Amino acid sequence: MEKLGKEFFRRKNVVTISSELIGKFLVTNFGNMLTSGMIIETEAYNGVTDKASHAYGGKRTKRNEVMYGESGISYVYLCYGIHHLFNIVTNEEEIPHAVLVRAIIPVDGVPAILKRRKQTSITKKTANGPGTVSQALGIKTANSGLSVIDSKFMWVEDRGIKFPKKEINAGPRIGVDYAGEDAKLPYRFRLSDNSVKRIMNEYYS
DNA sequence: CTGACGATTCACT
DNA sequence: GTGAATCGTCAGC
């Protein structure tokens, strides 16, 4: 079990990083409650040339400023006035690449996760979208700018789990129809349904 | 200062 | 499959 360091996130290819985050564990420790889940879905946002990215065309605002920061910094923003969406910034400073974590399988701190989600048992819907992932792990927009490399509140672990390539499916990103041709790029990565079912059974059958 | 809207979720049909 | 919820952000005036 090893915490991912700067060398993992600092690489230039955000699509590669996005695919390699599948099977890693996102861990948070807010309010002395350790919670975690295995990442099973991500999307890559490829900087200033990506029409789907908040940094398209070099756009720079108070909200997205952290995307131009060091690799490993989290970018959390409010979507639809309700949902806190969690990203990890990659590449070097001034290059606003980021990976959106879209789904996890809850692993540690299940009671806290259920309480946050107002549920009584873990199902595949507990953290199957970017808004529910943040809710399950207690991530809020106020946490934008925290680094998963040196913060004691959030980090990413490699627990030695590897999936065969064919178990990780690439496809177009969700909810980015406005991005024209870029909406079709295969920047979304998902662990196959079969693998997800198998792991859910291991933990929760 | 104002208004339009979003990298979504959930309940309901 | 459809539509409501809900509010910070940002472009434009």
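Worth saying up front: this structure is predicted, and the values here are computed from it rather than measured. Below, chains carry the letters A, B, ... as their sequence lines are ordered, and counting in each starts from 1.
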**Student:** Using every non-hydrogen atom in the two residues, find where I161(A) and M38(A) come nearest and quote the distance to one decimal.
**Tutor:**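 What the structure gives for the nearest pair is CD1-CE, 3.7 Å.
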**Student:** Nearest whole angstrom, please: distance from the C1' of dA7(B) to the CG of N46(A).
**Tutor:**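 After rounding, the gap between these two atoms is 15 Å.
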**Student:** Would you kindly give the CD-to-C1' distance between Q119(A) and dT9(B), to the nearest whole Å?
**Tutor:**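 Whole-Å distance recorded here is 12 Å.
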**Student:** Under 4.0 Å between any heavy atoms, over every strand shown, what does K59(A) touch: base, sugar-phosphate, or nothing? Just pick one.
**Tutor:**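 If one applies the 4.0 Å heavy-atom cut-off, K59(A) turns out to touch the sugar-phosphate alone, with no base involved.
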**Student:** Taking 5' to 3' order, which nucleotide of DNA chain C is first and which is last to have an atom within less than 4.0 Å of a heavy atom in chain A?
**Tutor:**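 Taking any atom under 4.0 Å from a heavy atom of chain A, the span is dA5(C) to dA11(C).
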**Student:** With under 30° as parallel and over 60° as perpendicular, where do the rings of F30(A) and F153(A) fit, or are they tilted in between?
**Tutor:**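 Correct class here is parallel.
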**Student:** Return the value, rounded to whole Å, for the distance between atom CD1 of I82(A) and atom P of dT9(B).
**Tutor:**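 For the pair I82(A) CD1 and dT9(B) P, the rounded distance is 10 Å.
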**Student:** If we check side chain to side chain contact (heavy atoms under 4.5 Å, CB included) with V76(A), which of these qualifies: N87(A), V66(A), L146(A), I139(A)?
**Tutor:**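 Considering N87(A), V66(A), L146(A), I139(A), a side chain to side chain contact (heavy atoms under 4.5 Å, CB included) with V76(A) is found only for I139(A).
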**Student:** Would you please say whether a donor-acceptor pair under 3.5 Å links the side chains of S53(A) and D50(A)?
**Tutor:**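 Distance-only check fails for S53(A) and D50(A).
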**Student:** Mind listing the closest non-hydrogen atom pair of K184(A) and P172(A) along with its distance?
**Tutor:**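 So the minimum-distance heavy-atom pair works out to O-CB, 4.0 Å.
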**Student:** Under 4.0 angstrom, heavy atoms only, what part of the nucleic acid is T132(A) near: base, sugar-phosphate, or nothing?
**Tutor:**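 The answer is sugar-phosphate, as T132(A) gets under 4.0 Å only of primed atoms, P, OP1 or OP2.
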**Student:** Could you tell me whether K162(A) and E167(A) have a side-chain N and a carboxylate O separated by less than 4.0 Å?
**Tutor:**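 Between E167(A) and K162(A) there is no salt bridge, as every charged N stays at least 4.0 Å from the carboxylate O atoms.
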**Student:** When rounded to the nearest 0.5 angstrom, what distance separates OH in Y77(A) from OG1 in T61(A)?
**Tutor:**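 It is 12.0 Å, given to the nearest 0.5 Å.
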**Student:** Measure the distance from CZ on R117(A) to C1' on dT8(B) and round it to the nearest whole Å.
**Tutor:**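 Value for this atom pair: 11 Å.
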**Student:** What is the separation between atom NE2 on H84(A) and atom P on dA7(B), rounded to the nearest whole Å?
**Tutor:**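 About 15 Å, once rounded to whole Å.
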**Student:** Categorize R173(A) for me: base, sugar-phosphate, or nothing, with a 4.0 angstrom heavy-atom threshold over every strand shown.
**Tutor:**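 Counting heavy atoms under 4.0 Å across all strands, no contact is made by R173(A).
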**Student:** Rounded to the nearest 0.5 Å, how far does CG of L26(A) lie from CG of L137(A)?
**Tutor:**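 The CG atom of L137(A) sits 5.0 Å away from the CG atom of L26(A).
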**Student:** Check each of E65(A), H54(A), M67(A) against R60(A) using the side chain to side chain contact (heavy atoms under 4.5 Å, CB included) test, and report the only one that passes.
**Tutor:**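 Single pass found, and it is E65(A).
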**Student:** With respect to the phosphate group of dA7(B), does any side-chain polar atom (N or O) of R188(A) fall under 4.0 Å of OP1 or OP2?
**Tutor:**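 No, outside the criterion.
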**Student:** Round to the nearest Å and state the distance from K125(A) atom NZ to dT9(B) atom P.
**Tutor:**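 Result: 11 Å.
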**Student:** Provide the closest heavy-atom pair for K124(A) versus M200(A) in the form atom of the first, atom of the second, distance.
**Tutor:**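 Closest pair (atom of K124(A), atom of M200(A), distance): N-CE, 3.7 Å.
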**Student:** Can you tell which of dT8(B), dA7(B), dC10(B) lies closest to the side chain of I174(A)?
**Tutor:**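 That would be dT8(B).
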**Student:** With a 4.0 Å cut-off, would you call E20(A) and R11(A) a salt bridge?
**Tutor:**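 Here E20(A) pairs with R11(A) in a salt bridge, since their nearest N and O are under 4.0 Å apart.
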**Student:** Please list every stem that involves DNA chain B, where a stem is a run of 3 or more consecutive Watson-Crick or G-U wobble pairs with both pairing distances under 3.5 Å.
**Tutor:**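 For DNA chain B the paired stretches long enough to count as stems (3 pairs minimum) are B:1-6 with C:7-12, B:8-12 with C:1-5.
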**Student:** Is there any protein nitrogen or oxygen under 3.5 Å from a nitrogen or oxygen in nucleotides 3-6 of chain B, and what are the pairs?
**Tutor:**
{"from": "dG6(B)", "atom 1": "N2", "to": "G81(A)", "atom 2": "N", "distance (Å)": "3.4"}
{"from": "dG6(B)", "atom 1": "N3", "to": "Y80(A)", "atom 2": "N", "distance (Å)": "3.4"}

**Student:** Is it true that K12(A) and E92(A) make a salt bridge, defined as a side-chain N closer than 4.0 Å to a carboxylate O?
**Tutor:**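 Yes.
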**Student:** To the nearest Å, give me how far apart CZ (F86(A)) and C1' (dT8(B)) are.
**Tutor:**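 The distance from CZ of F86(A) to C1' of dT8(B) comes to 17 Å, rounded to the nearest Å.
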